[in-house]
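Written below as structure tokens is the structure these notes are about.
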Amino acid sequence: MTVADIDQPPADTSLSAADIERFGPDPVGTFRTNLAAVEERIARACARAGRDRASVRLLPITKTVPAQVLRRAFAAGITAFGENKIQEAMGKREALGDLAIDWSIVGHLQSNKVKYLTRFAREFHALDSLKLAEMLDRQLEREGRTLDVYVQVNTSNEDSKFGLHPDALLPFVDRIGEFPRLQPRGLMTLALFSSDMARVRPCFALLRRLRDEAASRHPGLTGLSMGMTGDFEEAIEEGASVVRVGQAIFGKRPTPDGHYWPGFVKPG
């Protein structure tokens with residue numbers, strides 16, 4: 001046995017070979033290291049923008065990460081999980097029911113999935129229609145609970161993206177009080193998928209301006225859920241209060257981005 005072998009942590013025998021190939025033999029250590037790196041990037045972005053680090057919340061995005069691996073993420077100190085697809089989230093929630101996890105749904109929600117989301121999600125980041133708001137409110141009333149929501153806005157003007165047109169936001173906000181079980185926390189967007197930050201930043205700046213207008217009518221709409229692994233630092237500099245980061249913590253996903261974001265075009 002070499003010194004290098006001694007320095008390596010023992011493989012977690014409860015993980016599959018595929019899990020170990022993707023996440024390494026010590027996922028807990030890997031996630032702690034990656035999380036610390038992301039936290040440092042957040043702190044630096046806040047410093048550049050003259051903001052308090054406490055003004056930005058990190059929401060780890062756990063899509064495609066298997067439940068048995070997320071158990072190691074929890075051990076690494078990650079207790080809030082964000083999922084795009086409700087069925088995937090439900091399976092993980094059942095498998096991890098013994099852990100005190102805050103679940104967020106950040107992807108488009110089909111109306112026939114409303115009854116599942118309201119059973120366990122702490123917050124929903126993709127509210128984009130009055131019909132959906134009404135259905136959520138009605139189901140939450142039955143269950144005697146409330147739900148934090150972010151209103152999704154299509155700031156990139158792409159047909160492939162869900163979300164309200166910017167011009168439709170204020171009329172929507174004017175009616176959100178009709179749904180008392182929904183607790184509006186802010187706005188959410190998916191910026192243009194591009195490595196050119198000069199094209200991405202305007203999406204974040206637009207959402208901030210829209211938030212300022214919306215908050216004047218509904219004081220609860222103060223948050224800005226924007227920014228992912230490739231652009232969260234720019235989002236913070238533009239005012240993000242929640243950044244949704246997955247691959248910088250959990251590594252590259254095996255599925256194409258279009259599986260979770262229909263119409264996705266590779267960054268250019």
Side-chain angles (χ1 to χ4, degrees), residues 57-63 67 70 74 78-154 161-165 168-190 207 210-211 213-226 240-244 260-262:
R57 173 164 61 96
L58 170 63
L59 176 57
I61 301 302
T62 52
K63 61 187 181 185
L70 288 180
F74 187 87
I78 301 171
T79 60
F81 295 170
E83 291 281 336
N84 281 72
K85 292 184 177 292
I86 196 73
Q87 287 176 303
E88 183 177 343
M90 287 170 59
K92 293 175 183 179
R93 189 239 184 177
E94 182 176 353
L96 302 172
D98 57 311
L99 303 180
I101 296 168
D102 286 330
W103 294 94
S104 296
I105 300 299
V106 301
H108 179 70
L109 182 68
Q110 296 176 326
S111 59
N112 63 347
K113 301 293 195 307
V114 165
K115 62 184 177 182
Y116 302 113
L117 179 146
T118 56
R119 293 175 185 172
F120 70 95
R122 172 178 174 264
E123 60 185 16
F124 176 47
H125 286 241
L127 180 63
D128 61 359
S129 75
L130 291 172
K131 176 184 176 182
L132 184 57
E134 182 179 6
M135 294 181 70
L136 285 166
D137 188 71
R138 188 184 312 126
Q139 189 64 33
L140 289 162
E141 174 69 28
R142 293 191 188 104
E143 297 176 11
R145 59 172 302 225
T146 60
L147 177 70
D148 288 353
V149 295
Y150 287 76
V151 179
Q152 184 173 358
V153 183
N154 185 347
K161 297 255 181 73
F162 292 105
L164 296 172
H165 187 280
L169 176 63
L170 293 183
F172 182 90
V173 168
D174 287 341
R175 295 192 58 185
I176 205 166
E178 298 174 16
F179 313 106
R181 293 285 172 171
L182 301 183
Q183 304 295 308
R185 300 304 183 197
L187 307 183
M188 175 273 217
T189 200
L190 294 169
L207 194 74
L210 292 170
R211 186 278 314 274
E213 294 180 32
S216 69
R217 302 187 186 212
H218 199 299
L221 282 165
T222 58
L224 289 172
S225 173
M226 60 188 193
S241 60
V242 181
V243 290
R244 310 180 305 273
Y260 286 87
W261 307 115

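This structure is a prediction, so every number in the text was calculated from the model and none was measured. What's counted below: heavy atoms across the whole structure, side chains too, no hydrogens, waters or symmetry copies. Residues: numbered from 1 along the sequence shown.
Every ring-ring contact (aromatic ring centres under 6.0 Å, His included) that Phe81 has, sequence neighbours left out, goes to Trp103. Judged as a salt bridge (charged side-chain N to carboxylate O under 4.0 Å, His left out), and not counting sequence neighbours, the contacts of Glu141 are Arg181.
Using a 4.5 Å heavy-atom threshold, the side chains of Leu109 and Leu136 count as touching. In this structure, Asp137 and Glu178 have side chains that are not in contact, with every pair of non-hydrogen atoms separated by 4.5 Å or more. Side-chain atoms of Arg119 and Glu143, non-hydrogen and from C-beta on, do get closer than 4.5 Å to each other.
Separating the CD1 atom in Ile101 from the CG atom in Leu96 is a distance of 4.5 Å, to the nearest 0.5 Å. The CE atom of Met188 lies 12.0 Å from the CG atom of Leu224; values are rounded to the nearest 0.5 Å. To the nearest 0.5 Å, atom NZ of residue Lys92 and atom CG of residue Leu70 are 5.0 Å apart. Here the CG-NE2 distance, from Leu190 to His108, works out to 12.0 Å after rounding to the nearest 0.5 Å. A distance of 5.5 Å separates CG in Leu127 from CD1 in Ile176, rounded to the nearest 0.5 Å. Atom CG of residue Leu132 and atom CD of residue Gln110 lie 11.0 Å apart, to the nearest 0.5 angstrom.
For Arg244 (side chain) and Ser225 (main-chain N/O), a donor-acceptor pair under 3.5 Å exists by modelled atom type. Panel note: side chain Arg175, backbone Pro171; no donor-acceptor pair is recorded below 3.5 Å. Side chain of Thr62 to main chain of Glu83: no donor-acceptor pair is present (N/O by atom type, distance under 3.5 Å, no hydrogens or angles).
What you find for Asp128 and Gly163 is that their closest heavy atoms are OD2-N, 3.7 Å. A pairwise comparison of heavy atoms in Ala126 and Gly107 identifies CB-O, 3.5 Å as the closest pair. Annotation for Val243 and Met226: closest pair CG1-O, 3.5 Å, computed over non-hydrogen atoms. The heavy-atom pair separating Leu169 from Ala214 by the smallest distance is CD2-CB, 4.3 Å. The two atoms that bring Ala121 and Ile105 nearest to each other are CB-CG1, 4.2 Å, heavy atoms only. In plain terms, the two heavy atoms of Phe162 and Asn154 that are nearest each other are O-CB, 3.8 Å.
The neighbour count for Phe172 CZ, taken as heavy atoms of other residues, nucleotides or ligands under 6.0 Å away, is above 12. Atom NZ of Lys113 has more than 12 heavy atoms from other residues, nucleotides or ligands within 6.0 Å.
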Check: Given the rule in the side-chain contact (heavy atoms from CB on, under 4.5 Å) test, do Glu134 and Leu130 qualify, once you have shown the distances and angles that lead to the verdict?
Finding: CA-CA 6 Å; Glu134 182 179 6; Leu130 291 172; over 6 Å; no

Next item on the list: Begin from the C-alpha positions of Phe74 and Thr79 and carry the test side-chain contact (heavy atoms from CB on, under 4.5 Å) through to its verdict.
Entry: CA-CA 6 Å; Phe74 187 87; Thr79 60; 3.6 Å; yes

Next item on the list: I would like to know whether Glu123 and Arg185 meet side-chain contact (heavy atoms from CB on, under 4.5 Å); could you show each step before the answer?
Entry: CA-CA 9 Å; Glu123 60 185 16; Arg185 300 304 183 197; 5.8 Å; no

Note to self: Test side-chain contact (heavy atoms from CB on, under 4.5 Å) on Met90 and Phe120; report intermediate values, then the result.
What the structure shows: CA-CA 8 Å; Met90 287 170 59; Phe120 70 95; 3.7 Å; yes

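With no hydrogens or angles considered, no side-chain donor-acceptor pair links Thr146 and Gln183 at under 3.5 Å. No side-chain N or O of Thr118 forms a donor-acceptor pair with one of Arg145 less than 3.5 Å apart.
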